[in-house]
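Numbers for residues simply follow the sequence, beginning at 1. Just so you know, these numbers use all the heavy atoms, side chains as well, and skip hydrogens, waters and symmetry mates. Just so you know, these numbers come straight off a predicted model, no measurement behind them.
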Amino acid sequence: MKIKKLLAGVMCAALSLSLLTGCGGDNTPSAPTASGSSGTSGDGTEQTFNMKLAHGLAEDHAVHIAMTAWAEEVKTQSNGTINIEIVPNGTLGSETDCLNSITMGALDMAKVSASVLGNFEPEWNVVSVPYVFNDKDHFYKVMDGEIAQDLYGLTEKDGFIGLTWLESGARSFYTANTPIRTPADLNGLKIRTMDSQMAIDMMDALGGSAQVMGYSDIYSGMQTGVINGAENNVTALRDHKDVTAYYCFDEHTRIPDVVVISAKTWNAMSENQKNIMTTTAAAMSDSYKTAWKEFEDEVLAAASNVELIRDVDIPAFQEACQSIYDNLKANNPAVYAYVERIQAAG
């Protein structure tokens with residue numbers, strides 16, 4: 001598969017570069033904000049960590065390919081003291097299941113959508129606020145900077161912390177029969193959303209009807225008319241192109257994926273091991289930006305039957321979502337404080 005070869009090449013080049021820059025010095029990113037002590041024994045040797053990292057996507061997905069290459073690099077740089085087994089396909093349960101397993105000490109790591117983290121600490125909901133990011137460059141600036149680092153540390157009391165983030169594209173509407181150019185076009189339409197209050201509030205603000213269901217049910221739902229469409233990044237067309245007539249680039253949210261690690265496991269690592277984890281993770285995140293774009297392009301090329309609607313009235317969508325900002329300001333000051341920080345960074 002073309003994307004698999006491309007990703008493997010990109011990841012190997014980027015992660016090999018981290019070997020040249022090393023695990024210390026000015027190029028090393030700050031470790032996630034969890035307290036902890038040395039993971040070395042009395043004779044100076046480091047503990048060995050055999051960990052599982054769970055996610056819900058298939059082996060040929062860009063995420064799995066990237067994390068597999070990363071795990072190999074971590075093993076190499078740590079001289080085999082850090083071994084990460086990637087467990088795909090939701091084998092260990094949903095993203096929420098995996099986070100709960102981490103809190104109970106039954107799992108070390110997981111890749112989850114940032115939207116799920118909002119169920120643990122509400123400040124994480126900020127990345128699900130419609131149009132909180134001006135564009136992709138603004139999104140990258142926030143996720144590569146201090147704001148993301150602060151978010152990573154919020155869940156330490158829940159038993160895990162964020163390690164790095166992965167691009168997951170801009171989410172837009174796609175439908176079986178109706179092109180979406182303005183919020184008015186959503187009137188009367190049943191649109192599948194994630195099980196997220198922010199996503200439901202967004203649909204209410206835009207005039208559509210939110211239908212919460214699992215991703216695996218979208219195809220049959222659109223095929224039978226149970227739903228009229230869904231909202232997701234363009235790679236969803238890999239699974240749903242046969243039942244989709246229009247993909248409409250309103251780009252209402254940019255919700256990253258986040259790789260989290262057990263705080264207990266993290267605290268047990270030596271400083272050298274932590275530096276290896278953060279340095280190689282940062283290299284993975286950076287190279288994945290290019291890999292994700294190539295992944296999107298390949299999916300769009302294969303979905304030639306889908307009409308791409310780019311003349312979307314984005315200011316009208318932004319105006320329709322203003323009520324969400326007003327509600328956050330009045331009722332969720334902690335989340336709104338992060339909204340203001342993100343907007344100031346733009």
Counting N and O atoms only, with roles assigned by atom type, does the side chain of Thr244 sit under 3.5 Å from a partner on the main chain of His240, one being a donor and the other an acceptor?
yes

Got Asp239 and Tyr215 here, is their nearest side-chain heavy-atom distance under 4.5 Å?
yes

Please report the interatomic distance OG1(Thr235) to CD(Glu296), rounded to the nearest 0.5 Å.
7.0 Å

Per the side-chain hydrogen bond (donor to acceptor under 3.5 Å, both in side chains) rule, which among Gln318, Glu231, Arg171 passes with His252?
Glu231

Lys/Arg N to Asp/Glu carboxylate O, Lys111 vs Glu95, below 4.0 Å
yes

Partner of Thr193 by side-chain contact (heavy atoms from CB on, under 4.5 Å), out of Ile227, Asn232, Ile200:
Ile200

To the closest 0.5 Å, what do you measure between CD1 (Ile276) and CD (Glu271)?
11.5 Å

For Met277 and Trp70, run side chain to side chain contact (heavy atoms under 4.5 Å, CB included): C-alpha distance rounded to whole Å, both residues' side-chain angles, the deciding distance at 0.1 Å, then the answer.
CA-CA 9 Å; Met277 291 286 284; Trp70 173 58; 4.2 Å; yes

Look at Asp297 together with Lys293 and state whether they make a salt bridge at an N to O cut-off of under 4.0 Å.
yes

Determine whether the side chains of Glu46 and Ser270 contain a donor N or O and an acceptor N or O closer than 3.5 Å.
yes

Check side-chain contact (heavy atoms from CB on, under 4.5 Å) between Gln322 and all other residues, then give those that pass, not counting sequence neighbours.
Tyr325, Asp326

Kindly assign one of parallel, tilted or perpendicular to the pair Phe295 and His61, based on the angle between their ring planes and the thresholds 30° and 60°.
perpendicular

From Ile314 atom CD1 to Thr182 atom OG1, the distance as rounded to the nearest 0.5 Å
12.5 Å

Sequence-distant partners of Glu123, side-chain contact (heavy atoms from CB on, under 4.5 Å), two or more places apart
Glu121, Leu151, Leu154, Ala334, Tyr338

Indicate whether the side chain of Ser285 and that of Trp165 have a donor and an acceptor atom separated by less than 3.5 Å.
no

What I'd like to find out is whether the side chain of Val126 reaches to under 4.5 Å of the side chain of Arg341, using heavy atoms alone.
no

Here the gap from Asn125 atom CG to Asn119 atom CG, rounded to the nearest 0.5 Å, amounts to 7.5 Å

Check whether more than 12 heavy atoms from other residues, nucleotides or ligands sit under 6.0 Å from atom CG of Asp195, and answer yes or no.
no

Side-chain donor-acceptor contact under 3.5 Å, Ser113 with Ser115
yes

Enclosure of Lys264 NZ (heavy-atom neighbours >12, cutoff 6.0 Å)
no

Which label fits Phe120 and Phe160: parallel for a plane angle under 30°, tilted from 30 to 60°, or perpendicular past 60°?
perpendicular

If we only count heavy atoms from C-beta on, is the Phe249 to Tyr174 side-chain gap below 4.5 Å?
no

Using a 6.0 Å cut-off, check whether atom CD of Gln343 has over 12 heavy atoms from anything other than its own residue.
yes

Going by the angle between their ring planes, with limits at 30° and 60°, are Phe133 and Phe139 parallel, tilted or perpendicular?
perpendicular

Just checking, is any N or O donor in the side chain of Thr81 or Gln273 under 3.5 Å from an acceptor N or O on the other one?
yes

Do Thr155 and Val260 come close enough that some side-chain heavy atom pair is under 4.5 Å?
no

Heavy-atom donor-acceptor pair, Gln211 side chain to Asn228 backbone, under 3.5 Å:
no

